[in-house]
Amino acid sequence: MSEAQAGLLEAVPTVARYLTFSVATSQAAPDALRALAAQADGRSLVVGVGASLAEALRKPIDGLRTYAAGVAPGLELPSTPAAVWCWLRGDDRGDLVHRSRHLQSALSPAFALQDSIDAFRHHRGLDLSGYEDGTENPTGDEADAAALVSGRGPGLDGSSFVAVQPWVHDFGRLEAMNPAEQDHAIGRRRSDNEELDDAPASAHVKRTAQESFAPEAFVLRRSMPWADAQRAGLVFVAFGHSFDAFEAQWRRMTGGEDGITDALFRFTRPIGGAYFWCPPMRGGRLDLRALGL
């Protein structure tokens, strides 16, 4: 769909940086957002708006809500909302550093940097666990149908809702599992990515099989590995025409559907979670009409 931010439909880049911002001065927010709209091309910079910002502008977006914190057996599942989410995409980490500086300057003083995560593509698209990420992602028209809003009119059509969760891996726990246990936790063989017929009900593939939900719960995943000086994991990113499909999968993963939690939690956990609405494009810039801008 031509109105969409192109970056969310394209393959993940070589390197990326995720920036989140909180509102510092709400009166300055409209001007800062207009400056952001002129900078964001939707391809090298994908932008999302949080519910708190839409409410501050008194222009709530139907379907945009705050990610809810929760618990699962032995797990705290935190919520880390933000006003603005920026996904910088590129091929050179140094370029991302300078682009981040300019972006912060454009958004100041209305918005303050809340968090920054550097991400990268690993081999052919592997998670740091060594397993392939994004298998069975929808493509082409099916990707558009899963990820993009349609039939709601100008300013909304071509937009998308995105769920973002940074996960931290415990590699010691993963490596303490034998290869067969690791494969059964994922539900696929690491060696060839083939799905295992005898995988247990707790296997991640079984928990999130998109066609097994009623209605089917397809999302467009654009996750990337990340690392800092002490931690590493995956920034899970899922685009949808609503949050319903993501929430159906998440409910099953955390045991809310049948009491079985996802085996992923044996070696990894989310340290945050947030929802954003990604505006469409118009004339080569973000279309912020739905926000009154």
Side-chain angles (χ1 to χ4, degrees), residues 3-8 16-69 78-89 95-118 149 152-166 235 237 239 242-243 271-293:
E3 297 95 338
Q5 295 188 56
L8 67 91
R17 177 171 284 189
Y18 302 94
L19 302 177
T20 53
F21 296 85
S22 58
V23 176
T25 307
S26 57
Q27 294 89 342
D31 286 341
L33 287 173
R34 292 186 185 98
L36 177 61
Q39 265 196 46
D41 61 1
R43 175 169 277 110
S44 64
L45 173 57
V46 175
V47 172
V49 172
S52 62
L53 178 54
E55 293 290 345
L57 295 171
R58 298 182 179 178
K59 290 290 184 178
I61 302 296
D62 186 27
L64 176 61
R65 49 188 177 267
T66 300
Y67 176 97
S79 172
T80 49
V84 177
W85 175 71
C86 294
W87 178 23
L88 287 84
R89 302 159 42 87
D95 288 343
L96 295 189
V97 170
H98 292 302
R99 288 168 54 198
S100 297
R101 291 191 307 105
H102 296 312
L103 189 57
Q104 285 181 252
S105 178
L107 289 175
S108 178
F111 298 96
L113 183 65
Q114 178 172 306
D115 197 15
S116 175
I117 299 177
D118 285 316
V149 172
R152 290 177 55 182
L156 293 173
D157 286 353
S159 67
S160 185
F161 295 93
V162 63
V164 183
Q165 294 173 313
V235 181
V237 176
F239 293 96
S242 75
F243 294 119
I271 56 172
Y275 286 159
F276 303 96
W277 173 70
C278 300
M281 301 293 291
R282 184 189 187 196
R285 56 182 288 162
L286 289 181
D287 184 352
L288 301 179
R289 283 179 289 176
L291 296 174
L293 300 173

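- With a 4.5 Å cut-off on side-chain heavy atoms, Trp85 and Asp115 do not count as touching.
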Audit row: Met281, Asp287, side-chain contact (heavy atoms from CB on, under 4.5 Å) steps and yes/no: CA-CA 5 Å; Met281 301 293 291; Asp287 184 352; 5.9 Å; no
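- Side-chain atoms of Ser100 come within 3.5 Å of backbone atoms of Leu96 as a donor-acceptor pair (strictly under, hydrogens ignored).
- Proximity of Leu33 to Leu53: side-chain heavy atoms (C-beta onward) are separated by under 4.5 Å at one or more points.
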Quick one: do Leu45 and Cys86 satisfy side-chain contact (heavy atoms from CB on, under 4.5 Å)? Show the steps, please. CA-CA 7 Å; Leu45 173 57; Cys86 294; 3.8 Å; yes
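- The two residues Gly155 and Trp277 make their nearest non-hydrogen contact at O-CZ2, 3.7 Å.
- Within the model, atoms CZ of Arg34 and CG of Leu291 stand 11.0 Å from one another, a figure rounded to the nearest 0.5 Å.
- Scanning both residues, Gly158 and Pro280, for their nearest heavy atoms gives C-CB, 3.9 Å.
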Show the numbers, then the answer: is there a salt bridge (Lys or Arg N to Asp or Glu O under 4.0 Å) between Arg43 and Asp41? CA-CA 5 Å; Arg43 175 169 277 110; Asp41 61 1; over 6 Å; no
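- For the residue pair Ser79 and Ala69, the shortest heavy atom distance occurs at CB-N, 3.6 Å.
- Legend: salt bridge (Lys or Arg N to Asp or Glu O under 4.0 Å) pairs involving residues 78-89, not counting sequence neighbours, sorted by first then second residue: Glu10-Arg89.
- For Glu3 (side chain) and Pro154 (main-chain N/O), no donor-acceptor pair under 3.5 Å exists by modelled atom type.
- Taken to the nearest 0.5 Å, the CG atom of Asp118 stands 8.5 Å off from the CG atom of Leu19.
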Go through the steps for Trp87 and Val162 under the test side-chain contact (heavy atoms from CB on, under 4.5 Å), then give the verdict. CA-CA 11 Å; Trp87 178 23; Val162 63; over 6 Å; no
Evaluate the criterion side-chain contact (heavy atoms from CB on, under 4.5 Å) for residue pair Leu36 and Val84; output intermediate values, then yes/no. CA-CA 10 Å; Leu36 177 61; Val84 177; 4.2 Å; yes
Just do the side-chain hydrogen bond (donor to acceptor under 3.5 Å, both in side chains) check on Arg99 and His102 with the steps written out, would you? CA-CA 5 Å; Arg99 288 168 54 198; His102 296 312; over 6 Å; no
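- Side-chain atoms of Leu57 and Pro30, non-hydrogen and from C-beta on, do get closer than 4.5 Å to each other.
- In this structure, the side chains of Val49 and Phe276 stay at 4.5 Å or more apart for every pair of heavy atoms.
- With Gln39 as reference, Leu103 is the one residue of Leu286, Leu103, Leu107 to meet the side chain to side chain contact (heavy atoms under 4.5 Å, CB included) rule.
- Side chain of Ser22 to main chain of Ala82: no donor-acceptor pair is present (N/O by atom type, distance under 3.5 Å, no hydrogens or angles).
- With values rounded to the nearest 0.5 angstrom, Phe111 atom CZ is found 9.0 Å from Ser26 atom OG.
- Side chain of Ser159 to main chain of Leu156: a donor-acceptor pair is present (N/O by atom type, distance under 3.5 Å, no hydrogens or angles).
- In this structure, the side chains of Leu64 and Phe243 come closer than 4.5 Å at one or more pairs of heavy atoms.
- The number of heavy atoms from other shown groups lying within 6.0 Å of CZ (Arg58) does not exceed 12.
- Within the 4.5 Å cutoff, side-chain heavy atoms of Gln5 are placed close to those of Pro279.
- To the nearest 0.5 Å, atoms SG (Cys278) and CZ (Phe161) are separated by 9.5 Å.
- Put simply, the side chain of Glu55 never gets that close to the backbone of Pro60: no donor and acceptor are under 3.5 Å apart.
- Using the six-membered ring where Trp is involved, Tyr67 and Tyr275 have ring planes that are perpendicular, over 60° apart on the 30 and 60° scheme.
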